[in-house]
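Order of the sequence lines fixes the chain letters, A, B, ..., with proteins taken first and strands second; residue numbering starts at 1 for each chain. Just so it is clear, the values below take in all heavy atoms, side chains as well, and ignore hydrogens, waters and symmetry mates. Since the structure is predicted, the reported quantities are computational estimates derived from the model, not experimental observations.
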Protein chains: 2
Amino acid sequence: MAIQTTDKRTLLVETALQLFYQQGIHAVGINEVLKAAGVAKKTLYSHFASKEELIAATIELRDRRLRGWLEFCLTEQPDGAPAIKAIFTALDDWFNERVEMLGPFRGCFFINASAEYGEADCPIFQRCQQHKLALRQLMLKHCEVVLGPGEEAEQLCDSLVLLKEGAIISAHLLGDKSAALKARDSAQKLIGVAGLMGVSGLMGRL
Amino acid sequence: MAIQTTDKRTLLVETALQLFYQQGIHAVGINEVLKAAGVAKKTLYSHFASKEELIAATIELRDRRLRGWLEFCLTEQPDGAPAIKAIFTALDDWFNERVEMLGPFRGCFFINASAEYGEADCPIFQRCQQHKLALRQLMLKHCEVVLGPGEEAEQLCDSLVLLKEGAIISAHLLGDKSAALKARDSAQKLIGVAGLMGVSGLMGRL
DNA sequence: AATCAAGGAGACAGACCTGTCTACCCAGAC
DNA sequence: GTCTGGGTAGACAGGTCTGTCTCCTTGATT
């Protein structure tokens with residue numbers, strides 16, 4: 001994760017993201033970010049009005065990066081069940097730190113950030129929420145390919161989202177680095193059940 | 001959650017837990033805890049060597065309280081599948097703030113705390129981990145009643161834990177207060193599949 | 001060569017943090 | 001009545017935090 005850029009703003013956001021993700025947001029002061037980035041305080045405050053704006057920028061960066069990476073992981077996959085499987089496989093790569101872009105695994109930055117800024121009306125919390133909603137939308141798209149649009153796809157999507165979030169927590173807090181693969185297995189079972197209950201015969205696609 | 005006690009130590013821990021849970025640990029200073037509790041600083045430092053010890057005590061209190069509540073919810077239930085169902089029903093009560101003892105829902109205190117104290121060698125992180133392991137043990141007990149001891153019960157248990165953790169995150173971050181019921185449905189499907197794959201005929205017990 | 005803008009370095013203000021310490025109060029034991 | 005221990009109240013030290021401001025360097029442009 002060596003940072004290489006001439007754009008000071010980008011450099012600051014990259015550095016802050018690294019530190020915030022590794023140590024927690026409240027635990028990292030502005031001065032620490034500045035020292036690590038080798039940037040002067042004046043420069044920071046010419047780009048951001050406050051620490052809170054810097055935090056918001058790190059969340060946006062992480063959001064772009066995580067979604068970009070996930071979409072990249074799906075480029076080779078057909079939509080529907082294979083893509084869903086690939087999402088969980090991608091999580092496994094993340095947990096086991098095979099994705100250099102995402103850095104050492106320390107849980108989900110959005111979950112962590114919203115633990116520190118958990119008021120529902122806080123802009124930081126809302127950005128975290130938007131990220132999770134966007135990922136749910138991605139999941140829903142593939143569920144609809146499997147089951148067709150409708151209530152059943154929504155239900156399957158919700159279940160898969162639960163498994164995904166649960167896997168992130170288990171990988172971090174329980175230290176279970178195989179959580180993504182367990183979630184993938186469970187996901188396949190749920191897709192199978194949903195297929196059986198809906199249009200029969202789809203289970204074979206798994 | 002009106003606190004009523006003459007024991008200063010208990011009063012401090014109760015107050016600190018409330019504030020830490022609602023606002024985050026780093027976001028609440030010692031002085032704020034003291035003011036809310038109406039206790040002098042000297043008293044605090046006669047019971048705890050540092051803020052960190054107070055934090056540890058709040059985690060222990062929350063652990064005792066949450067596990068006690070969960071076990072109480074299971075007293076009327078037979079072991080196995082009904083107990084598992086009851087666990088998710090209890091989560092639903094929690095998310096929708098029908099459990100006064102647990103206070104307004106703001107996610108999982110242990111997940112939140114480990115977001116702020118996420119180093120694997122940090123004692124606070126380890127206490128959070130122990131809590132999650134204890135709950136997994138409870139879940140495993142009931143999975144073993146359903147499937148008998150062995151690899152399959154472990155697998156089912158892992159899946160159910162994923163659903164449980166995912167439900168907590170979805171309820172908090174996505175604001176989906178019905179996450180526990182969705183998780184309960186998914187859990188029943190997974191128990192059904194596991195039953196089918198293992199000793200057949202157990203699915204009827206659901 | 002002269003000018004000028006961007007950024008580096010860091011002092012500083014004012015607030016807040018943890019943790020210590022002093023001074024006082026008051027109920028109960030003797 | 002006197003003493004004592006537990007508690008209150010809060011000043012204080014020493015540190016860190018965010019955010020502002022000043023002084024200086026440097027490199028590009030005119």
Side-chain angles (χ1 to χ4, degrees), chain A residues 3-60 112-113 115-119 122-125 127, chain B residues 3-60 112-113 115-119 122-125 127:
Chain A
I3 295 173
Q4 196 90 348
T5 174
T6 54
D7 177 3
K8 301 285 174 184
R9 194 196 133 97
T10 306
L11 177 61
L12 280 167
V13 178
E14 298 258 14
T15 309
L17 173 57
Q18 263 190 26
L19 293 172
F20 289 162
Y21 180 50
Q22 290 306 313
Q23 301 178 44
I25 296 175
H26 274 126
V28 176
I30 285 291
N31 292 318
E32 195 177 340
V33 176
L34 294 174
K35 196 174 172 188
V39 166
K41 206 178 265 195
K42 196 187 174 188
T43 311
L44 187 155
Y45 282 100
S46 73
H47 286 293
F48 304 97
S50 64
K51 184 186 183 184
E52 188 146 323
E53 273 195 13
L54 176 63
I55 297 168
T58 63
I59 290 176
E60 268 169 28
N112 295 352
E116 296 195 63
Y117 297 86
E119 322 290 313
C122 164
I124 292 176
F125 181 85
R127 276 165 206 266
Chain B
I3 296 173
Q4 197 89 349
T5 176
T6 54
D7 177 3
K8 301 284 175 186
R9 193 196 133 98
T10 306
L11 177 60
L12 280 168
V13 178
E14 298 258 13
T15 309
L17 173 56
Q18 262 191 26
L19 293 172
F20 289 163
Y21 181 50
Q22 291 305 314
Q23 301 177 45
I25 297 175
H26 273 126
V28 176
I30 286 290
N31 292 318
E32 193 176 344
V33 176
L34 294 174
K35 196 176 174 187
V39 166
K41 206 178 265 194
K42 196 185 174 190
T43 310
L44 188 153
Y45 282 101
S46 73
H47 287 294
F48 304 98
S50 63
K51 183 185 182 182
E52 188 145 325
E53 273 196 12
L54 176 62
I55 298 168
T58 64
I59 290 175
E60 267 169 29
N112 295 351
E116 296 195 62
Y117 297 87
E119 322 290 312
C122 166
I124 292 176
F125 181 85
R127 277 166 204 265

Go through [options] for me and flag the one nearest to the [X] side chain.
X	options	value
Y45(A)	dG19(C), dT8(D), dT18(D)	dT18(D)
T43(B)	dT20(D), dT22(D), dT8(D)	dT8(D)
K42(A)	dG7(D), dG7(C), dT20(D)	dG7(C)

Using atom [atom1] of [X] as one end and atom [atom2] of [N] as the other, report the distance to the nearest whole Å.
X	N	atom1	atom2	answer
N31(A)	dT20(D)	CG	C1'	13 Å
R9(A)	dA6(C)	CZ	C1'	17 Å
L34(B)	dG19(C)	CG	P	11 Å
I55(A)	dC17(D)	CD1	C1'	13 Å
H26(B)	dT18(C)	NE2	C1'	12 Å
Q23(A)	dC17(D)	CD	P	11 Å
K41(A)	dA13(C)	NZ	P	14 Å
L19(A)	dC17(D)	CG	C1'	16 Å

(request) With the side chain counted from C-beta on, respond yes when E52(B) and P123(B) share a heavy-atom pair under 4.5 Å apart, and no when they do not. (result) yes

(message) Would you compute the distance between atom CG of L11(B) and atom OG1 of T15(B) and round it to the nearest 0.5 angstrom?
(response) 4.5 Å

Using distance only, find each side-chain donor-acceptor pair of residues 30-37 of chain A under 3.5 Å and give its atom names and separation, not counting sequence neighbours.
from, atom 1, to, atom 2, distance (Å)
N31(A), OD1, K41(A), NZ, 3.0
E32(A), OE2, Q23(A), NE2, 3.3

(message) Please find the pair of heavy atoms, one from F48(A) and one from V13(A), that lie closest to each other, and give the distance.
(response) CZ-CG2, 3.6 Å

(message) Regarding S50(A), tell me which of base, sugar-phosphate or nothing describes its non-hydrogen contacts under 4.0 Å with the strands shown.
(response) sugar-phosphate

